[in-house]
Amino acid sequence: MYSIGIDIGGTKIAGALVNDLGEIISQTQVPSPAQSAQAMEDAIVGLIQELSAGNPVRAAGVAAAGFIDAAQSTVYYAPNIAWRNEPLKDKLEARIDLPIVIENDANAAGWAEYRFGAGKSFTHMTMLTIGTGVGGAIIASGELFTGGFGAGAELGHLRVQPNGLECGCGQRGCIEAYGSGRALLRYLREETGNPDLDADQGKKLLEIGDEAAWRAVSTLGNWMGIACASLSAVLDPQVYVIGGGVAAAGEHLLKPIRDSFLANVSAKGYHPEPEFRIAELVNDAGVVGAADLARKHAEKL
Ligand SMILES: [Zn+2]
């Protein structure tokens with residue numbers, strides 16, 4: 001049996017047919033009609049029909065950026081899509097004869113890493129994804145933790161600096177303002193002394209291993225380590241999985257995170273040390289995670 005995973009991005013919708021080992025059997029994508037809720041629904045239905053044609057499929061999962069309710073049914077709010085209190089699960093199940101689950105995209109990616117990637121040998125995992133912003137996912141005792149209302153694990157909005165820099169969420173001092181791709185560009189501009197440096201130029205500096213670029217990554221890692229130290233006080237994960245484009249920096253990113261974590265963790269020297277690992281599934285995490293959450297849901301029915 002297979003499951004289908006759909007990952008809705010700002011510019012494209014990716015879909016994949018996935019087996020129970022998390023392997024992609026086939027995949028496809030279409031442009032994302034983000035401005036119209038109806039066109040988005042039609043596109044998702046089309047992808048699921050295309051991927052399931054002629055294949056034994058038990059369920060489909062849909063991952064999207066936004067607040068999803070704890071029942072994995074309703075999109076309360078999606079920042080980049082025209083969905084407000086959208087009962088997406090009911091609408092899709094009315095059109096497709098499959099059980100459907102809806103999940104936040106960062107949670108779906110975290111679930112994929114836990115099941116098939118960098119977190120697979122652990123039961124308590126915390127994932128931080130460094131993209132334009134900072135995303136998060138929590139696995140506790142082998143289960144995805146989403147909070148009482150479904151809006152938990154928004155780790156990018158953990159406060160690391162009271163009255164600090166403004167964050168897109170309307171508050172100040174969130175780790176997203178210090179540990180995101182946007183923050184990295186700020187550090188790169190400071191380190192190179194070039195206030196006009198753009199994201200592509202920054203990426204090049206990282207690719208060639210420029211010293212100033214590593215210092216910028218180190219600054220970002222230092223902030224991430226501070227966030228992880230606080231997260232360990234609450235969640236005590238065995239492993240932190242770091243994802244997103246910046247994670248390609250590998251040990252240049254992990255070392256400052258680890259050093260900063262050890263310097264900031266409570267009961268320093270006595271708190272068991274978690275592992276810090278780079279995410280393994282990269283671009284496929286969203287579809288694979290959504291498909292496997294759908295499998296899990298269907299097996300309980
Ligand atoms: Zn914030």
Side-chain angles (χ1 to χ4, degrees), residues 8-10 34 63-70 74-85 102-111 113 125-140 144-190 199 202 216-235 237 240-247 253 256-257 260-261 264-265 276 279 285-286:
I8 299 171
F67 287 143
I68 319 290
D69 72 338
T74 300
V75 182
Y76 288 137
Y77 172 80
N80 306 313
I81 309 168
W83 281 333
R84 302 292 180 265
N85 292 315
I102 317 294
E103 190 48 77
N104 168 276
D105 59 349
N107 287 342
W111 181 255
E113 288 295 335
M125 179 199 100
T126 298
M127 179 154 164
L128 288 157
T129 302
I130 305 170
T132 312
V134 173
I138 297 166
I139 305 295
L144 185 63
F145 174 89
T146 59
F149 302 104
E154 289 287 329
L155 304 184
H157 305 290
L158 182 79
R159 184 164 293 178
V160 291
Q161 182 74 283
N163 299 315
L165 295 172
E166 266 181 34
C167 176
C169 74
Q171 295 295 342
R172 286 177 172 275
C174 301
I175 184 60
E176 181 158 299
Y178 298 87
S180 61
R182 242 182 266 127
L184 180 64
L185 185 57
R186 204 171 66 234
Y187 305 143
L188 284 165
R189 286 172 178 166
E190 286 164 9
V217 168
S218 185
T219 301
L220 183 145
N222 184 54
W223 282 107
M224 276 294 172
I226 291 171
C228 291
S230 286
L231 288 169
S232 276
V234 184
L235 301 168
Y240 285 95
V241 176
I242 311 295
V246 183
L253 176 64
I257 295 178
S260 167
F261 172 86
N264 288 285
V265 71
F276 291 86

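Numbering of ligands and ligand atoms starts at 1, following listing order. Any value given below was found using the heavy atoms of this structure, including those in side chains, with hydrogens, waters and symmetry copies removed.
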Review point. What is the ring orientation for Phe261 with Phe276, classed by angle as parallel under 30°, tilted 30 to 60°, or perpendicular over 60°?
Key: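 The arrangement is perpendicular - the two ring planes meet at more than 60°.
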Practice item. Enumerate the protein N/O/S atoms at a distance below 2.8 Å from the Zn ion (ligand 1), ignoring waters. Key: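 Atoms qualifying: His157 ND1, Cys167 SG, Cys169 SG, Cys174 SG.
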**Study point:** Heavy-atom donor-acceptor pair, Tyr187 side chain to Tyr178 backbone, under 3.5 Å
**Key:**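 Yes, Tyr187 side chain to Tyr178 backbone: donor-acceptor pair under 3.5 Å.
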Drop me the distance from [X]'s [atom1] to [Y]'s [atom2], to the nearest 0.5 angstrom.
X	Y	atom1	atom2	result
Leu231	Ile226	CG	CD1	12.0 Å
Thr219	Leu184	OG1	CG	9.0 Å
Thr129	Asp105	OG1	CG	8.5 Å

Review point. With respect to Met127, which candidate in Ile139, Val241, Asn107 satisfies the side-chain contact (heavy atoms from CB on, under 4.5 Å) definition?
Key: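 Only one of Ile139, Val241, Asn107 forms a side-chain contact (heavy atoms from CB on, under 4.5 Å) with Met127, namely Val241.
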